[in-house]
Amino acid sequence: MSAVTVRVPAKVNLQLGVGPIRDDGYHDLVNVFHAVSLFDVVTAEPARELEVRVQAAPHSRVDVAGVPVDDGNLAAQAARLVADRLGVEPRVALKIRKAIPVAGGMAGGSADAAAALVACARLWDDREQPVLSRDDLMEIGADLGSDVPFAVLGGTAVGVGRGERLTPALTRGTFHWVFATADGGLSTPAVYGECDRLRLEAGRTAPWPSVSEELMTALATGDAKGLGTALANDLQPAALSLRPALRRTLDAGRDLGAIGALVSGSGPTCAFLAETDEDAADLAHALDGAGVAEQIVRASGPVPGATLV
Ligand code: ATP
């Protein structure tokens, strides 16, 4: 096999319920993941040794300067894990073309890891009945990060635990999104830390999170307005506390007609829901003019996870 290319989507968390901090430092989460049509593309090619190249996708303004090209890159770690499992040497060049903002709360690194899992498994084992199934790849991915299994799976899914135990959710139709990216990322651990700090300061213990019934009903019936009201992110106050300018972005989106608005994951990307594709186009145009974001990107969901192209 000469080269394998995989396209992998970004995610937005429709609900991110953050429970109390556990003894192991993680939080118990209720996480409704939703894959959207904003894609990174990863190509895996045979090479003398493991190497990683990262560039911005055409027409994308993603700043790739901070993305590691050594073993710090989650895609490289994914390649090594697949090689170990298949008993081969990780002799692969990974070329990553990024459209998913870096440190933007849309799980770009996890997406690249998922793409590398799928690409390398295919590169090193192209039998009709491959040794590693999708489930195996999701399980391997869970060792790399709690968002990785979802990037393999795609669609819409509920994650519990650290977010890695997934159940696909029933959805109907397509939802139309507008994303406002920000200049510079937010560190996920820093946002969780700020969430804990704010809770301590307010003297509040976090309630045990549970899946929103309202949200699941809106998804199952394709009710965009219902989904817009049910969107919830427990990390949002922390992201706003670390990056107060996001409040302006969220307000602008709501004022310009979004039927739902929230910070995506740990931020700083903001996600806006529109009722129709046309509304999304209008909203994107208006937000672009408002000057409250680095870049405005439209996408729809749900879309499949890491897919061979
Ligand atoms: P999440 O939503 O999962 O919290 P994020 O979208 O906020 O993540 P990422 O883009 O995944 O953040 O990147 C977080 C950090 O991970 C980066 O600052 C970078 O140092 C590191 N990283 C490792 N591999 C990658 C990769 N392939 N792409 C982007 N960042 C990577």
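Here the structure is a predicted model, which is why all the values come from computation and not from measurement.
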Contact summary for Phe33 and Ser146, nearest pair of heavy atoms: CZ-O, 4.4 Å
Anything under 3.5 Å between a donor and an acceptor, one on a side chain of residues 103-125, the other on a protein residue two or more places apart or in another chain? List them.
residue, atom, partner, partner atom, Å
Asp112, OD2, Lys98, NZ, 2.7
Asp125, OD1, Arg127, N, 3.4
Asp125, OD1, Arg127, NE, 2.9
Asp125, OD1, Arg127, NH2, 3.3
Asp125, OD2, Val131, N, 2.7

side-chain hydrogen bond (donor to acceptor under 3.5 Å, both in side chains): pairs with one or both residues in residues 15-26, sequence neighbours excluded: Arg22-Asp24, Arg22-Asp28
Asn13 side chain to Ser264 backbone, donor-acceptor under 3.5 Å: no
4.5 Å side-chain heavy-atom contact, Val36 and Phe179: yes
Of all pairs that satisfy side-chain hydrogen bond (donor to acceptor under 3.5 Å, both in side chains), the ones with a partner from residues 210-237, not counting sequence neighbours: none
No-hydrogen, no-angle side-chain donor-acceptor test under 3.5 Å, Thr5 and Thr43: yes
Any donor-acceptor N/O pair, Asp136 side chain to Ser133 backbone, under 3.5 Å: yes
Heavy-atom side-chain contact between Leu219 and Phe175 under 4.5 Å: yes
Arg134 side chain to Leu153 backbone, donor-acceptor under 3.5 Å: no
Thr188 versus Ser266, side-chain donor and acceptor atoms under 3.5 Å: yes
Salt-bridge contact Asp251-Arg248 (side-chain N to carboxylate O under 4.0 Å): no
His176 versus Ser300, side-chain donor and acceptor atoms under 3.5 Å: no
Heavy-atom donor-acceptor pair, Arg7 side chain to Phe39 backbone, under 3.5 Å: no
Side-chain (Glu89) to main-chain (Ala83) donor-acceptor, under 3.5 angstrom: no
